[in-house]
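This report refers to the structure that appears directly beneath it.
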Amino acid sequence: MREACAPFCLTEERKMKVSILGREKEYDLNRSPVSVFRALMELAPEYKNRALGCFCGGQALELNEMLTQDCTLHPITFQNEEGRRIYERTLRFVLLMAVKRVLGETCRVRIEHSIGYGVYMRFLDRDADEATVARIEAEMRKIAREDLPLRKEKWTREEAIRYFAEHGMEEKAHLLSYRPYDYFYVYRCGDMAEYFYGAMLPSTMYAQVFQLKHHAPGMVLQMPSPEDMTVPAPFVEREKNLQVFAQSNRWCDILGCKNAADLNDMTVGGKLREFIRVNEALHDKSIGDIADGIVQKGARAVFVAGPSSSGKTTFSNRLCIHLKVLGKKPVLISLDDFYLDQHTLPREADGKPDLEALSALDVDYFRVCMQKLLCGEQAQMPRFDFTTKKRSPVYCPMQLTEGQILVVEGIHGLNPRMHEGLDEKLIAKVYISQLTCLNLDHHNRIRTTDARLLRRIVRDYQFRATPPEETLAMWNSVRRGEEKWIFPYQEQADFMFNSALHYELPVLKKYAYDMLMQIPPENECYLAARRLIKILHYLVPAPDDVMQEIPPLSLLREFIGGCTFY
């Protein structure tokens, strides 16, 4: 029933060449087996304390996997997205082992979402307290020192469902019943087995850099610092962000949809239509509440900002509708019109223009326009021509009248430099992001960045003729820009809006799945594509006849099409 994992099939050839960083060595397989770790130590010893695995032929190979044929390996470190995910999975396993030792097997943990460089989690049957969190952290450090092996075993789906059901993980057993494959790999350490949807480290010894912090009512597991993985990253307090997640989690509880299997049950049971209606009603209520707050503040300018594929444009249009309901006359403008001519933009390391940088915008002229508009004067507003990639020579005069409110949309809307010199009493700031609260199961979250990436892949293909591999290739650059220019300012927002729709992943699967499946193993984005495919495997696609239930003004329409704003 269970088999050891082998990345390649054995061949008759008993000689094998391994290449790493241009260094090559031939091994005689008749004498001794060769693991990824051994090859690294002999060909790239400088990676001894840095490598978390290796890329090979579109796969992420674990350090203890055995090599059986000629191959070229590329070390995976904490600087790689896959490396960070490998480390986090292993650390989550250690945490769950510690919780079991300290609080017993019946204590259940739900791993929820990122907060800065950490992951927020909570107990399902109690609130966390400082003393308990300290005991769990101490036990985690003990487990790490014990250097316990994490063994990869091949299980049948039926075997896994039976095991997880017997050990109180009904939601995981339920999800696996929807899995389209009969076999998969489970990790075991001692008497505990878990399924983490990706590669792991060989033993608990590798997960020694972390910090567990009490954060009522749960706790935050801090990952290593991106700059130096030998120390935990500093904790970044994001109270407003946590409040939005908490509100969305309450919605999930009310709607009875916390994990992927719950959503699948609704789809299969013919209840997705009603679920879409309630999701959309909650969105509309939230946008209306934000409009009320803006009017109560007496703001004349509203800045809407957020990361890529949050739905900023549709949100801004819908906010304008709610402001009109309140008797205001909103005017929507885009920060994109303040782009500098593209040939003057700052460059990234690869020589391409850095469109995410604040310096790509004419910030000084934007502030001049805002000062004039808020003082009742006329401003000459620029227009950027995306076909010529230059500012149009024709400017448009604008002057605010009584009751008019500017709604300014763009990724840099919360950057303090955009508001410098403006009267803060006349400004309202809104942060929008897709903060998915739907998990695969209690121990495996769906990352918000993956959900946004699926949105962008679908939109880019539908409306920009961009194939998914190009969107995937530019995603790391987009993320770097967000980390530098967007996320540091989110807590300065007066209002936050979660643009996630809890029904959207089964809809996006209808568009993205086949596209992603077409990306070949030799493509550099293959591994990222497979990560997204693995998420989509666990979701039943939305039926065709349900798609008409998605309203024309839904934020999801910005990505799948059919939005009547455009």
Side-chain angles (χ1 to χ4, degrees), residues 238-252 254-255 277-335 370 374 400 403-416 418-419 422-437 448 452 486-487 489-502 504 551-558 563 565:
R238 288 180 175 164
E239 195 59 41
K240 293 178 181 177
N241 187 264
L242 280 174
Q243 289 172 5
V244 174
F245 265 118
Q247 180 192 55
S248 296
N249 276 319
R250 285 195 296 272
W251 285 358
C252 286
I254 292 169
L255 297 170
R277 294 172 191 148
V278 176
N279 271 253
E280 294 291 347
L282 288 168
H283 258 199
D284 205 53
K285 182 180 185 304
S286 292
I287 298 172
D289 290 344
I290 291 172
D292 287 338
I294 289 168
V295 172
Q296 289 172 14
K297 186 178 180 183
R300 296 293 308 281
V302 182
F303 289 82
V304 179
S308 174
S309 302
S310 295
K312 295 183 292 295
T313 306
T314 304
F315 169 85
S316 298
N317 276 282
R318 286 179 63 174
L319 180 63
C320 287
I321 292 174
H322 280 277
L323 289 172
K324 288 178 181 178
V325 170
L326 298 173
K328 300 300 177 182
K329 303 172 185 176
V331 179
L332 182 61
I333 64 174
S334 173
L335 286 178
M370 290 299 296
L374 293 178
L400 295 185
Q404 284 193 309
I405 295 178
L406 279 174
V407 178
V408 184
E409 178 258 317
I411 63 172
H412 294 291
L414 298 189
N415 193 300
M418 305 304 293
H419 328 125
L422 304 180
D423 186 349
E424 286 290 328
K425 295 178 183 178
L426 300 178
I427 295 173
K429 291 170 279 190
V430 182
Y431 179 77
I432 171 176
S433 188
Q434 205 277 20
L435 305 174
T436 185
C437 293
T448 58
R452 286 194 294 115
I486 301 175
F487 297 148
Y489 306 112
Q490 61 181 291
E491 287 293 312
Q492 297 181 16
D494 301 299
F495 309 97
M496 284 194 173
F497 177 75
N498 184 358
S499 73
L501 288 155
H502 305 305
E504 70 180 80
L553 300 187
S554 170
L555 268 79
L556 191 55
R557 290 287 180 191
E558 184 174 327
C563 181
F565 279 133

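The OG atom of Ser309 sits 9.5 Å away from atom CD of Gln434, with the distance rounded to the nearest 0.5 Å. In this structure, NZ in Lys312 is found 9.0 Å from OG in Ser433, a value given to the nearest 0.5 Å. Separating the CG atom in Leu332 from the OG atom in Ser316 is a distance of 5.5 Å, to the nearest 0.5 Å. Of the inter-residue distances, the one linking Leu555 atom CG with Ile432 atom CD1 reads 5.5 Å to the nearest 0.5 angstrom. To the nearest 0.5 Å, the span separating CD1 on Ile290 from NZ on Lys285 amounts to 11.0 Å.
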Next on the checklist: Run the side-chain contact (heavy atoms from CB on, under 4.5 Å) test on Asn317 and Ile321 for me, step by step, so that the C-alpha distance in whole Å, both residues' side-chain angles and the decisive distance to 0.1 Å come before the verdict.
Outcome noted: CA-CA 7 Å; Asn317 276 282; Ile321 292 174; 6.0 Å; no
Next on the checklist: Between Met418 and Leu335, is the side-chain contact (heavy atoms from CB on, under 4.5 Å) condition met? List the steps.
Outcome noted: CA-CA 10 Å; Met418 305 304 293; Leu335 286 178; 3.7 Å; yes
Item to check | Criterion side-chain contact (heavy atoms from CB on, under 4.5 Å) on Met496 and Gln490, from CA distance to verdict | outcome: CA-CA 8 Å; Met496 284 194 173; Gln490 61 181 291; 4.2 Å; yes
Next on the checklist: Under the criterion side-chain contact (heavy atoms from CB on, under 4.5 Å), I'd like the reasoning laid out for Trp251 against Ser286: C-alpha separation, chi angles, the key distance, then a yes or no.
Outcome noted: CA-CA 12 Å; Trp251 285 358; Ser286 292; 3.2 Å; yes
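In this structure a side-chain-to-backbone donor-acceptor pair under 3.5 Å is present from Arg452 to Ser308. No donor-acceptor pair under 3.5 Å is formed between the side chain of Lys297 and the backbone N or O of Lys425. For Lys328 (side chain) and Leu323 (main-chain N/O), no donor-acceptor pair under 3.5 Å exists by modelled atom type. Using modelled atom types, no side-chain atom of Gln404 and backbone atom of Leu406 make a donor-acceptor pair closer than 3.5 Å. In terms of modelled atom types and a separation under 3.5 Å, the side chain of Ser499 and the main chain of Ser310 share a donor-acceptor contact. In terms of modelled atom types and a separation under 3.5 Å, the side chain of Asp284 and the main chain of Glu280 share no donor-acceptor contact.
A donor and an acceptor atom, one from each side chain of Thr314 and Glu558, are located under 3.5 Å apart. Counting only N and O atoms by type, the side chains of His322 and Asp292 include no donor and acceptor under 3.5 Å apart. Between the side chains of Asn498 and Gln247, no donor-acceptor pair is found at a separation under 3.5 Å.
A pairwise comparison of heavy atoms in Leu426 and Gly298 identifies CD2-O, 4.3 Å as the closest pair. Taking each heavy atom of Leu435 and Thr448 in turn, the nearest pair found is CA-CG2, 3.6 Å. For the pair Pro330 and Lys324, the tightest heavy-atom approach, listed with the atom from each and the gap, is CD-CG, 3.5 Å. Taking both residues in full, the closest heavy atoms of Asp494 and Ile427 are given as OD2-O, 4.0 Å, listed atom of the first, atom of the second, then distance. Across all non-hydrogen atoms, the minimal contact from Ala305 to Gly413 is CB-N, 3.6 Å. For the residue pair Arg557 and Pro551, the shortest heavy atom distance occurs at CG-O, 3.1 Å.
Residues Ile254 and Val278 are not in side-chain contact: their nearest non-hydrogen atoms beyond the backbone lie 4.5 Å or more apart. Considering only heavy atoms from C-beta on, Phe315 stays 4.5 Å or farther from Glu409 through its side chain. Looking at heavy atoms from C-beta onward, Leu326 lies out of side-chain contact with Ile405 at the 4.5 angstrom threshold. Here the side chains of Phe303 and Gln492 are not in contact, with every heavy-atom distance at 4.5 Å or above.
Ring geometry for Phe497 versus His283: interplanar angle of 30 to 60°, hence tilted.
Between Glu424 and Lys429, at least one side-chain N (NZ, or NE/NH1/NH2) sits under 4.0 Å from a carboxylate O, which counts as a salt bridge.
With respect to Phe495, the side-chain contact (heavy atoms from CB on, under 4.5 Å) criterion is satisfied by exactly one of Val302, Asp289, Val430: Val430.
Ring to ring, His412 and Tyr489 are not that close: their centroids are 6.0 angstrom or more apart.
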